[in-house]
Amino acid sequence: MDLEKRASAGSGPVQSGPPVVPAGGSPGTHGVENGADATAGAKAGAGAIRASDADRDRIADILREALAEGRLDPEEHTERIDAAYRAKTVGELEPIVRDLPAARPRTEPWTAYDEGTGTGMPSGPAENLVAVFSSATRRGRWRVGARTNAFAFFGNVEIDLTEAMFGQRLTVVNATSVFGNVEVRVPENITLRGGGTGILGNFEVVALEGTDPQAPVVVVNGYSVFGNVEAKPKRGKRVTDLHGKLRGHLGR
């Protein structure tokens, strides 16, 4: 027993000091915090990227589907669609659809654009015509782009292509009408196609097949809610010298 007591007394208490902590951190969390900071920094950097027209169109598709499914009422949809097209960065777009499911893939008449045949989905920036308790008109001698987004909320949008200059074979019009009216008029000698949904409203595309295989193709897609979307040829209006004009516009 004396030997045991002397051995215990001689060994002394065991010192249990705090673990060594790297400067600026805490035990076991320094690496985690660095990783979290890096992730947050990367997200912040991505959010600061300038938004493209394709980014805004993607958000608009999600909002249109949410309205059709009843997730948003017309007033909320109008506020968000306006915010989407005013957004400058990707970070400003994300909160607009944070509480909504992603849009399902849309069924389009064609899947890939082919310049030789004039079929497919064209690329390039879209022109936006918005009428909220007002009207917006595009008519006369103007160069029509590959894509046009038309949105009417208690308003009227008129797109007259009878005197327009077509710079590409395919032109797509995405039309949305909520308690409003969207009218599209085309020449008699081009091809007009499309389709959409009328939710307690009217969506009508008067199909037209141009006799000339080189004629421009206009496709009208979208939907109307308590509104009207109508696309049809305008009697007596024709595009003259289709071959020469298309060659000139396409640089051929």
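Source: prediction; values computed, not measured.
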For E188 and L208 the tightest heavy-atom approach is O-CD2, 3.3 Å

Residues two or more places apart in sequence or in another chain: which of them pass salt bridge (charged side-chain N to carboxylate O under 4.0 Å, His left out) with R98?
none

Give me the atom names and distance for the closest heavy-atom approach of V220 to A175.
CG1-CB, 4.5 Å

For the pair D53 and R147, find out whether any cationic side-chain nitrogen is under 4.0 Å from an anionic carboxylate oxygen.
no

Starting at OG1 of T197, measure out to CG of N221 and round the result to the nearest 0.5 Å.
10.0 Å

From F226 CZ over to S177 OG, what is the distance, rounded to the nearest 0.5 angstrom?
11.5 Å

Which residues pass the side chain to side chain donor-acceptor pair (under 3.5 Å) test with D55, not counting sequence neighbours?
S52

Just to verify, what does R185 make a salt bridge (charged side-chain N to carboxylate O under 4.0 Å, His left out) with, not counting sequence neighbours?
E183, E230

Kindly write out the residues that satisfy side chain to side chain donor-acceptor pair (under 3.5 Å) with N128, not counting sequence neighbours, or none if the list is empty.
N149

Under the side chain to side chain contact (heavy atoms under 4.5 Å, CB included) test, residues paired with R80 that sit two or more places apart:
L63, L72, I96, D99, L100

By side chain to side chain contact (heavy atoms under 4.5 Å, CB included), which residues pair with S134, not counting sequence neighbours?
A131

Transitively linked via ILVMFWY side-chain contacts under 4.5 Å: V217 with V206?
no

For the residue pair A60 and I81, what are the closest heavy atoms and their distance?
CB-CD1, 3.6 Å

Between T171 and P216, is any pair of side-chain heavy atoms under 4.5 Å apart?
no

Can a donor-acceptor pair be found, under 3.5 Å and without considering hydrogens, that links the side chain of Q168 to the backbone of G145?
yes

Tightest non-hydrogen contact, residues S224 and N202, listed as OG-O, 2.9 Å

Checking Y223 against T176 for the side-chain contact (heavy atoms from CB on, under 4.5 Å) test, could you report, in this order, the C-alpha distance in whole Å, the side-chain angles of both residues, the deciding distance, and whether it holds?
CA-CA 5 Å; Y223 67 90; T176 302; 3.7 Å; yes

Of all heavy-atom pairs between P101 and I62, which one has the smallest distance, and what is that distance?
O-CG2, 3.5 Å

Smallest separation among heavy atoms of L93 and R56, with atom names:
CD1-N, 4.2 Å

Using the side-chain contact (heavy atoms from CB on, under 4.5 Å) rule, pick out the option among I159, T191, L161 that qualifies with V218.
L161

Under the 3.5 angstrom rule, does the side chain of R141 hit a backbone N or O of E163 as a donor-acceptor pair?
yes

Assign the ring pair F153 / F179 to parallel, tilted or perpendicular, where the plane angle (0 to 90°) is split at 30° and 60°.
perpendicular

